[in-house]
Amino acid sequence: MTAQVSLFNTLTRRVEPLQPLAPPRVTLYTCGPTVWNFAHIGNFRTFLFEDLLRRWLEHSGYDVFHIMNLTDVDDRTIKAARQAGKRLVEHTAPFTKAFFEDRDYLRIRPAHVYTAATEYMPQMIALVSRLLERGVAYKGEDGSVYFAIAKFPTYGRLSQLDKREIKVGARVASDEYAKGDPSDFALWKKADAEDEAVGAAWDAPFGRGRPGWHLECSAMSLEEIGKCCGVQTLDIHAGGIDLIFPHHENEIAQSEGATGQPFARHWVHGEFLNVRGTKMSKRHGNFLTARDLREQGVDAAAVRLLFFQTHYRQPVDFTDEALDAAKEGVRRLGEFHERLQKTGRGEKGEVLSGLAEKLEADVATALNDDLNAPRAVAALFDFVRAANRELDKPVPPPATARALAAFERVTGLLDLLPTARAADPAFVRWVEERIAARAQARKSKDFKAADAIRAELVAKGVEIEDTPQGTKWRLA
RNA sequence: GGCGCCGUAGCCAAGUGGUAAGGCAGAGGUCUGCAAAACCUCGAUUCGUCGGUUCGAUUCCGACCGGCGCCUCCA
């Protein structure tokens, strides 16, 4: 019996074993960014947890097929294009490119397929046609096509809508006269002048228009898993917690209304990144983008550690203090890695091998249990401390090959090792010359001169460390 | 109003019906010419408050206080 990956399933509100339709294959669909602007790190918190999920599944032997969508036609992209005086695609293309750059900076594994909504128009139109044929959709008096939730009895299961009461008030759409039920949602919106102005309108049998927001995820995921795997049910569908309603609820209605098959077996949702207790968002203006961090020279490993130190279903507050703490943690992991690499190799020692085994076992237990990354991180630091203690002994034990392998597997999985920063070669020569001069001074017990050189180096951002093997240095 | 989440040491944050992981910061110590790194020791008699269930609750139930999210296009 191998260890079993378990995940919280929003559908049942319980942690359940993952049971893919056709193991070892796992189809994973994650809701991606809307490319109307730069994604902020709150968005990336979700993508980072999904990245870990993907990596852990693969590490566990699953063959993951990962699809991520790019929303490049919706209210916001159209509005933003309009304001920029551009065609829709001209406006979104640079943000798609930026998203990929940010993804790479944060060391997020690329999905196998990125589906941009505008490239799946035929599939979306076909899906709407099918829903019309099946009688679960209708054309409203305003020319748009709506989904009739009354025709879909299980509507609301994911968000437990049956227990809700829709708030009556200002938010209820003013176009409700066009719909049979105020809660029916648009599958296809009749093109208006603004849509036409930016080129966001397509011809369809049921009228010229553009897709409603939810439509793309259904059409694209069904198309892709059909093509790759011949199925109409996703194993895992993931996204931010705010997508549960209405987005994912509507996706279920559209997809199941068309296929008659369960849309996704396992729904996984990540909590928000907050700033002083409030959700990070463009609307609140309290956001930070990945490129902001990159420009500040923040190592992506620190961002990853920061996020992985909190469980994905808990809200986290983003603060500079927390980021600094994570930077320090990453530094320590890097130092330890170097130490392990430099220690003599052996195959037989016991203590370190035992620690290495425990590390991997603890990490597996933690991640199998609803992707408990904080516990995996704790296991990693436990290992670092225990191993350092061993290596501090007068006669360090062997078996570092085993320890190194385990450490590298775990840090590789979480991707937490600091990025090696390449310094300018001339600068390196200068630093090494200064260190040599200091060594001379120390040799002749001229500690004043030695300390002066150290101060000189520190002023240039170089931190030094005297070890039995000589003086080490690094950029602060 | 409906549905849901959170409140654990200075800060961040795991966790379990049986007596509180880990990270950062701080204090002392070992080591060091001094530093740095690393290691050791120290910190919540206590997990928002008040009740209840229980032999026993931070963990279950209820109420309350405080913060937050979603409720038709927000990761």
Side-chain angles (χ1 to χ4, degrees), chain A residues 13 30-34 39-50 71 74-76 156 159-169 171-173 182-186 189 212-214 238-247 249-250 269-274 276-284 305-306 309-311 313-319 321-332 335-336 339 362 366 372-382 384-386 388-393 442 445-447 450-451 454 458 463-468 471-474:
Chain A
R13 314 268 158 161
T30 57
C31 279
T34 300
H40 57 68
I41 57 172
N43 302 125
F44 277 107
R45 181 188 179 197
T46 299
F47 304 145
L48 236 14
F49 116 71
E50 293 163 345
T71 300
D74 80 320
D75 288 1
R76 287 184 300 170
S159 54
Q160 307 195 340
L161 195 68
D162 44 319
K163 291 201 283 180
R164 295 174 182 237
E165 288 174 17
I166 299 284
K167 184 179 182 179
V168 181
R171 296 293 298 269
V172 171
S183 296
D184 289 350
F185 58 91
K189 299 175 124 176
W213 174 39
H214 320 295
I241 193 169
D242 50 346
L243 298 182
I244 295 173
F245 188 84
H247 189 53
E249 198 67 76
N250 292 349
H269 294 96
E271 255 290 353
F272 290 134
L273 181 66
N274 293 152
R276 273 186 297 257
T278 299
K279 172 183 181 180
M280 176 179 285
S281 70
K282 289 266 161 52
R283 191 158 54 92
H284 291 129
L305 179 61
L306 175 63
Q309 275 182 307
T310 304
H311 188 87
R313 286 195 291 117
Q314 291 294 327
V316 223
D317 236 57
F318 183 85
T319 63
E321 293 74 21
L323 182 60
D324 285 344
K327 286 178 190 166
E328 191 57 26
V330 163
R331 198 222 86 238
R332 195 165 152 217
E335 295 269 315
F336 175 74
R339 182 175 195 189
D362 287 350
N372 195 323
R375 241 160 62 201
V377 169
L380 185 60
F381 280 101
D382 278 339
V384 170
R385 189 176 359 85
N388 263 324
R389 188 161 50 213
E390 289 304 310
L391 296 172
D392 273 352
K393 288 181 174 169
R442 291 179 73 212
K445 306 277 183 205
D446 184 358
F447 296 119
D451 290 348
R454 178 165 58 200
V458 167
E463 285 179 353
I464 62 173
E465 193 182 317
D466 296 321
T467 76
T471 299
K472 280 169 56 181
W473 66 278
R474 65 165 181 273

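We name chains A, B, ... by the order of the sequence lines, and we start the count at 1 in each one. As the structure is a computational prediction, the values presented were derived from the model and not from experiment.
- Contact between the side-chain N/O atoms of A:T34 and the OP1/OP2 oxygens of B:A75 is found at a separation under 4.0 Å.
- Contacts of A:N274 with the nucleic acid, taken as non-hydrogen atoms under 4.0 Å apart, are absent.
- Ring planes of A:F185 and A:H214: perpendicular class, angle over 60° (limits at 30 and 60°).
- Going from atom CZ of A:F318 over to atom C1' of B:A75 covers 16 Å, rounded to whole Å.
- Nearest to the side chain of A:P315, among B:C5, B:A75, B:A13, sits B:C5.
- Atom CZ in A:F49 sits about 14 Å away from atom P in B:A75, given to the nearest Å.
- Closest to the A:N372 side chain, of the nucleotides B:C5, B:A14, B:A21, is B:A14.
- Side chain of A:S183, nearest nucleotide from B:G69, B:G22, B:U72: B:U72.
- The partner of B:U58, taking Watson-Crick or G-U wobble pairs whose two distances both stay under 3.5 Å, does not exist in any strand shown.
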- [ ] Sugar-phosphate atoms are those with a prime plus P, OP1 and OP2; base atoms are the rest. Using that split, label each nucleotide of nucleotides 26-39 of chain B B, S or - for protein heavy atoms under 4.0 Å, 5' to 3'.
- [x] -------BBBBSSS
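- Taking a 6.0 Å sphere around CZ of A:R13, one finds it holds more than 12 heavy atoms contributed by other residues, nucleotides or ligands.
- For the pair A:E271 and A:R313, the salt-bridge criterion is not met [side-chain N within less than 4.0 Å of a carboxylate O].
- In this structure, of B:A75, B:G22, B:C11, it is B:C11 that holds the atom nearest to the side chain of A:E321.
- Rounded to whole Å, the separation between the P atoms of B:G22 and B:U59 comes to 22 Å.
- When all heavy atoms are compared, the tightest approach of A:H269 to A:I241 is CB-CA, 3.9 Å.
- Set against B:G22, B:A14, B:G69, the side chain of A:H284 has B:G69 as its closest nucleotide.
- When side chains are defined from C-beta on, A:D75 does not count as touching A:W213, because their heavy atoms never get closer than 4.5 Å.
- As judged by a 4.0 angstrom heavy-atom cut-off over every strand, A:S281 is placed among residues making no nucleic acid contact.
- If you take atom C1' in B:C11 and the same atom in B:U72, they sit 39 Å apart, rounded to whole Å.
- Nearer to the 5' terminus of RNA chain B, by closest-nucleotide assignment, is the contact made by A:A379 (compared with the other of A:D74 and A:A379).
- A:R339 pairs in a side-chain contact (heavy atoms from CB on, under 4.5 Å) with only one of the listed residues (A:V384, A:T467, A:L391), which is A:L391.
- B:U41 and B:A27 make up a base pair, with Watson-Crick or G-U wobble contacts both under 3.5 Å.
- Pairing of B:C5, defined by two Watson-Crick or G-U wobble distances under 3.5 Å, is identified with B:G67.
- Of the listed nucleotides (B:C24, B:U72, B:A13), B:A13 has the atom at the smallest distance from the side chain of A:T310.
- Comparing B:A35 with B:G29, their P atoms are spaced 11 Å from each other, to the whole Å.
- With sequence neighbours excluded, the residues forming a side-chain contact (heavy atoms from CB on, under 4.5 Å) with A:R76 are A:T34, A:W36, A:D74, listed by chain and number.
- Between A:R332 and A:E335, none of the side-chain N atoms (NZ, or NE/NH1/NH2) sits under 4.0 Å from a carboxylate O, so this pair counts as no salt bridge.
- Whole-Å rounding puts the A:E390 CD to B:C40 P distance at 11 Å.
- A:L273 comes within contact range of at least one nucleobase, with a heavy-atom separation under 4.0 Å.
- Regarding contacts with the backbone of B:G4, a side-chain N or O of A:Q160 is found under 4.0 angstrom from either OP1 or OP2.
- Spacing between atom NZ of A:K279 and atom P of B:G4 amounts to 19 Å, rounded to whole angstrom units.
- Rounded to the nearest Å, the gap between the P atom of B:U41 and that of B:G33 is 25 Å.
- Summarising the geometry, the separation between CD on A:E249 and P on B:C3 is reported as 16 Å, rounded to the nearest angstrom.
- Between the P atoms of B:U30 and B:U16, the separation comes to 40 Å (whole Å).
- B:C47 makes up no base pair with any nucleotide shown, lacking Watson-Crick or G-U wobble contacts both under 3.5 Å.
- Distance A:R375 CZ to B:A21 P: 14 Å, rounded to the nearest Å.
- Listed pair A:Q314 / B:C6 meets the phosphate criterion, a side-chain N or O lying under 4.0 Å from OP1 or OP2.
- In this structure, A:D317 atom CG and B:G66 atom P are separated by 20 Å, rounded to whole Å.
- B:G7 and B:C60 have their P atoms separated by 11 Å, given to the nearest Å.
- A salt bridge between A:D324 and A:K327 is present, with a side-chain N of the basic residue lying under 4.0 Å from a carboxylate O of the acidic one.
- Here A:G270 lies out of heavy-atom contact (under 4.0 Å) with every strand.
- Comparing B:U58 with B:U49, their P atoms are spaced 10 Å from each other, to the whole Å.
- Residue-level contact check: A:H247 touches neither bases nor backbone, having no heavy atom under 4.0 Å from any strand.
- Taking the C1' atoms as reference points, B:A44 lies 16 Å from B:G26, given to the whole Å.
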TODO: Please test A:R454 against A:D451 for salt bridge (Lys or Arg N to Asp or Glu O under 4.0 Å), starting from the C-alpha separation and ending with a verdict.
DONE: CA-CA 5 Å; A:R454 178 165 58 200; A:D451 290 348; 3.2 Å; yes
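- In this structure, CG of A:L305 is placed 13 Å from P of B:A14, rounded to the nearest angstrom.
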